[in-house]
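Taking it in order: structure first as structure tokens, then the write-up.
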Amino acid sequence: MAVRFTILGSGSKGNCSYLEAGETRLLIDAGFSAKQIRSRLATLGRAPEGLTGVLVTHEHMDHIGGLGRLCSQTGTRIYANRLTVEAIQVKFPTARLEFSLFETGSTFQVGEVDVKSFNVPHDAMDPVGFLLRTTAGAIGFLTDLGHSTRLVVERMKEANLLVLESNYDEQMLQQDIDRPPSIKQRIRSRHGHLSNTAAAGVAVEVAWPLLSQIFLGHLSQGCNSPELARKTVEAALTEAGITHIRVRNTSQDIPCETVCLGD
Ligand SMILES: [Zn+2]
Ligand SMILES: [Zn+2]
């Protein structure tokens, strides 16, 4: 079965990825406008009307910005936990949306994809990460978390491809003059976001022989650079003697190259 995965865009201003496994077509988060998601899917020759569902990690707007319009236009089903669904309904009070609820920590099937959800520490109602298993391999989603936990590391030890948050460089955040101290504090907190150094630590911890690539996602535009994030993670892996993992950047503005699993 053909399994293809494309990060349509990732960063503090919007996150959305696309997974196609046989006939099953899923978005993971919908943090761009519906129009933007439509045009990014079109670069793959796909349209929102063909989606099987949207998996939602949490209700922050950089993850659900286009969800209301996209799903009410197409009738696409939204998969989220109860508290996240309630928050989505508050944000899109007039949208006609179809939900499938899951319990955080549960595993459920959407078409040909086996979805395992797990709790992550972040300042949202009930934020989750996902491990998406297909017949061709598993993809881990680990963005928007203030710190790593044993559970997170355990879950990700099965991923062949990992999307990992690498939000900010400590020094750039420290020196940033645009963000007030309270925001900086929130970003750095145990329920905020992972720094490059913290992401590097997670990468080393979750590295197992069949993890072949890590996409660094959710970069802050003001307090990070793709090169800095990648070099920080690469250096930590090299130092730990791990040489089989390719570290790749993502972009806020353009889709990443599509990865075919199992190739
Ligand atoms: Zn968030
Ligand atoms: Zn986010």
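From a predicted model like this one, the values you see are computed outputs, not experimental measurements. Ligands are counted one by one from 1 in listed order, and the atoms in each one are counted from 1 as well.
In terms of distance to the Zn ion (ligand 1), the nearest N, O or S atom of His60 is named ND1.
Coordination check, His193 versus the Zn ion (ligand 1): failed, since every N/O/S atom of the residue sits at 2.8 Å or beyond.
A salt bridge links Arg186 and Asp123; the closest N-O separation between the charged side-chain nitrogens and carboxylate oxygens is under 4.0 Å. Using a 4.0 Å cut-off between a side-chain N of Lys or Arg and a carboxylate O of Asp or Glu, Glu227 and Lys231 do not qualify as a salt bridge.
Side chains of His63 and Asp29: a donor-acceptor N/O pair is present below 3.5 angstrom, by distance only.
The OD2 atom of Asp62 and the OD2 atom of Asp144 meet at the Zn ion (ligand 2) at an angle of about 170°, given to 10°. Rounded to 10°, the angle that NE2 of His63 and NE2 of His218 form at the Zn ion (ligand 2) is 110°. Rounded to 10°, the angle that NE2 of His58 and NE2 of His122 form at the Zn ion (ligand 1) is 100°.
Arg77 and Phe99 make their closest contact through NH1-O, 2.9 Å (heavy atoms, listed as atom of the first residue, atom of the second, distance).
Following chains of ILVMFWY side-chain contacts shorter than 4.5 Å, one can reach Tyr18 starting from Ile64, so the two form part of one hydrophobic cluster.
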